[in-house]
There are 2 protein chains.
Amino acid sequence: MNDLNAISIRNLLFFISVFDAQSFSIVARREEVSASMVSRSVQQLEDALGQQLFYRNTRAVIPTEAGRIFADYARAMAEQLSEAQKELQDKTLQPAGVVRVNAPVFFGQKHIAPWLAELSNRYPKLQIELSLTDDFIYPHREAADLIFRIGALADSSFHARVIGTQTYYLAASPDYINKHGEPKTPADLPQHQALVYRGSSGPNRWLFKEKHDGEKQASWVHSPVKAVLTSNNADSLFTAALTGMGLVLFPDWLIGDSLKQGKLVLLLPDYEAAIKTEPQCIAAIYPHVRHPPLNVRVLIDYFIEVYGSPLYWQLE
Amino acid sequence: MNDLNAISIRNLLFFISVFDAQSFSIVARREEVSASMVSRSVQQLEDALGQQLFYRNTRAVIPTEAGRIFADYARAMAEQLSEAQKELQDKTLQPAGVVRVNAPVFFGQKHIAPWLAELSNRYPKLQIELSLTDDFIYPHREAADLIFRIGALADSSFHARVIGTQTYYLAASPDYINKHGEPKTPADLPQHQALVYRGSSGPNRWLFKEKHDGEKQASWVHSPVKAVLTSNNADSLFTAALTGMGLVLFPDWLIGDSLKQGKLVLLLPDYEAAIKTEPQCIAAIYPHVRHPPLNVRVLIDYFIEVYGSPLYWQLE
DNA sequence: GTGCTTGGTTGCGAAAAACGCTATAATTCA
DNA sequence: TGAATTATAGCGTTTTTCGCAACCAAGCAC
């Protein structure tokens with residue numbers, strides 16, 4: 001076994017101990033292993049290096065020239081490992097270093113970016129890399145540590161922390177209502193100006209169902225609309241809606257505060273709205289690993305905390 | 001297994017390779033091990049550090065923050081080991097560093113010290129520590145790498161390279177002979193002035209036997225002498241003999257050149273002389289180890305070379 | 001979509017090693 | 001000279017290692 005690869009940290013530490021203690025048995029007792037272990041450990045090291053490290057005898061253990069030289073290196077290596085461990089340990093005790101966060105563009109703008117200042121304040125050693133993309137996830141490719149996603153979650157290779165369910169609302173500005181009137185049922189929609197989000201999988205479909213009156217469970221109905229504006233940029237649609245251009249079907253996190261402030265008016269309050277038939281969850285997703293980084297856990301906890309329960313943007 | 005000790009250099013090297021190659025299987029192929037090995041190796045490292053090092057997936061291997069940090073340390077450690085190896089390797093190719101040589105005082109003065117200059121010239125990186133002691137060896141205590149000893153050698157924990165056999169001669173200066181006459185047989189010795197070496201085990205005994213005439217083998221006979229000077233310092237006795245104080249019974253390496261130059265005269269040429277009944281060897285002794293240092297081998301070879309064969313101090 | 005290939009992980013069994021115990025040789029202390 | 005201590009070699013048991021095959025996920029070709 002002339003291979004350097006066979007050297008283990010253990011060997012190095014034993015070697016250092018023996019070097020300092022000038023005795024195998026003292027080390028053996030201190031480390032609570034058999035003396036033969038220590039002896040063999042040093043032998044292994046010697047074989048791996050092809051050099052005698054000690055002259056040894058029943059009564060004396062004297063370092064060779066090579067032993068003295070190697071002791072310095074061994075110490076340096078052990079030192080380095082210990083430092084590495086310390087640095088990594090610190091990381092688990094106190095969040096530090098880079099965390100790469102990914103989120104949908106507009107969600108990030110409205111509900112992540114505003115909170116980052118406080119986050120940075122709370123964990124000064126944290127460096128946040130925020131990338132906002134709407135395309136449905138670059139799971140690993142982007143090497144994101146934490147991904148905010150909205151949708152039906154089903155991916156075994158990730159852990160997901162559900163932040164909440166998103167509710168869609170049909171809304172328009174008071175101006176618009178004054179000018180065009182208010183739809184009373186989804187069937188009225190084709191007469192209205194629709195502002196439609198278009199993602200990479202095509203334009204959103206507008207779905208409605210009557211709120212459950214009694215036990216009868218209505219099913220989702222797709223309402224065709226007249227799209228006067230289609231965009232892959234939610235902010236633009238939002239602005240268009242605020243300035244009275246037309247109706248939007250947007251989730252609560254996007255228009256919740258506008259509704260509360262009266263800048264937009266909730267339409268079809270007797271209907272539930274959606275763009276997908278499955279319930280859409282807002283979730284923080286992170287890679288499924290055995291040693292989840294503290295960084296990521298802390299970030300999730302932070303956002304769960306500031307979003308509150310119910311989520312601060314929800315209507316009720 | 002949360003123990004740092006379990007980390008082996010192999011793990012580190014695999015980790016570094018994976019880090020650079022961003023792939024387990026590439027490393028596995030290059031290192032000619034199974035992919036599972038590499039995978040488990042990294043897992044081991046992660047368990048030992050308690051930190052995830054890669055986000056991995058069937059199609060991508062992305063370093064964690066912790067992974068990137070640890071990579072630096074791992075590289076540093078590997079670097080250090082490689083340097084250590086190089087330095088030690090150099091030592092096996094080219095003699096360098098400290099060699100601690102021990103020898104009997106007068107032998108060292110006469111037959112070691114004079115040759116050290118040339119030795120140092122030949123191996124400039126060698127640093128020689130010469131300690132001269134007559135007391136019969138401090139075997140390991142003194143941490144000598146190479147010990148010149150004279151006597152009957154029997155120690156299994158050492159290797160011995162026999163340089164030659166030592167022959168004792170009875171001698172006196174021409175002055176002395178002129179004044180006191182020349183002994184013809186050992187029985188004449190009590191009438192003469194004897195200069196006797198006294199070591200830690202008492203004064204030397206002077207033994208003689210007639211040189212083998214035919215097949216008859218005489219045995220050693222102890223001749224009592226009149227010691228006018230006893231000393232544990234051979235040089236002093238030697239000086240006393242040169243200045244005509246009396247007879248000395250000294251080995252060839254000590255008085256060989258004086259006999260050749262006629263400063264001393266060989267007495268009782270028909271007798272063999274000795275101080276011990278067993279043949280006395282001059283030997284270079286070094287610790288019995290599995291990886292004998294080049295330093296020591298080179299030193300022995302050098303002295304064997306300069307002493308020549310027959311040894312340059314021998315009479316014939 | 002459907003198959004095909006690639007890549008990381010896991011289970012399993014044989015091979016190897018680690019490890020403690022004991023014995024042994026060497027050496028010091030009383 | 002015994003008693004004690006120490007490093008090491010031999011041993012058998014326990015643990016680990018490691019390749020093979022199976023598996024699952026993800027991309028690619030068609």
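What you see below is based on every heavy atom in this structure, not just the backbone, and it leaves out hydrogens, waters and symmetry mates.
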Test item: A/Tyr73 and B/Gln85 side chains (from C-beta on) under 4.5 Å apart, heavy atoms: no

Exam field: side chain A/Glu46 to backbone A/Leu53, donor-acceptor pair closer than 3.5 Å: yes

Short side-chain N/O contact to D/dT17 OP1/OP2 from B/Gln44, under 4.0 Å: yes

Backbone N/O of A/Ser8 and side chain of A/Arg10: donor-acceptor pair under 3.5 Å: no

Main-chain N/O of B/Arg198 paired with B/Asn204 side-chain donor or acceptor, under 3.5 Å: no

Reading 5' to 3' through nucleotides 19-24 of chain C, protein heavy-atom contacts under 4.0 Å coded B for base, S for sugar-phosphate only, - for none: BBB---

Sugar-phosphate only, base, or nothing, as touched by B/Val61 at under 4.0 Å among non-hydrogen atoms: sugar-phosphate

A/Ala78 backbone acceptor or donor facing A/Ser82 side chain under 3.5 Å: no

Pair A/Asp145, B/Tyr55: side-chain N/O donor-acceptor within cut-off below 3.5 Å: yes

Interatomic distance, B/Glu31 CD vs D/dC18 P [rounded to whole Å]: 13 Å

Ring centroid separation A/Phe19 to A/Phe70 under 6.0 Å: no

Spacing between A/Ile9 atom CD1 and C/dA18 atom C1', to the nearest angstrom: 18 Å

Atom pair distance, as rounded to whole Å: CG in A/Asn11 and C1' in C/dA18: 11 Å

Under-4.0 Å side-chain N/O to phosphate OP1/OP2 contact, B/Gln43 with C/dT10: yes

Polar side-chain atom of A/Thr64 near backbone of A/Ala66 as donor-acceptor pair, under 3.5 Å: no

A/Asp20 (side chain) donor-acceptor with A/Ser17 (main chain) under 3.5 angstrom: no

Listed nucleotide nearest any side-chain atom of B/Phe24, set D/dA7, C/dA18, C/dG8: C/dG8

Atom pair distance, as rounded to whole Å: CZ in B/Phe14 and C1' in D/dC18: 11 Å

Interatomic distance, A/Ile26 CD1 vs D/dT6 P [rounded to whole Å]: 7 Å

B/Arg56 CZ to D/dC24 C1', straight-line distance once rounded to whole Å: 15 Å

Among D/dT8, D/dT6, C/dG7, the one nearest A/Arg29 by side-chain distance: D/dT6

Selected nucleotide, minimal atom distance to B/Ser25 side chain, candidates C/dG8, C/dA18, C/dT10: C/dG8

Canonical and wobble pairing (Watson-Crick, G-U, under 3.5 Å) of DNA chain C, dot-bracket with |: ||||||||||||||||||||||||||||||

Integer-rounded Å distance: C/dG8 P and B/Gln22 CD: 11 Å

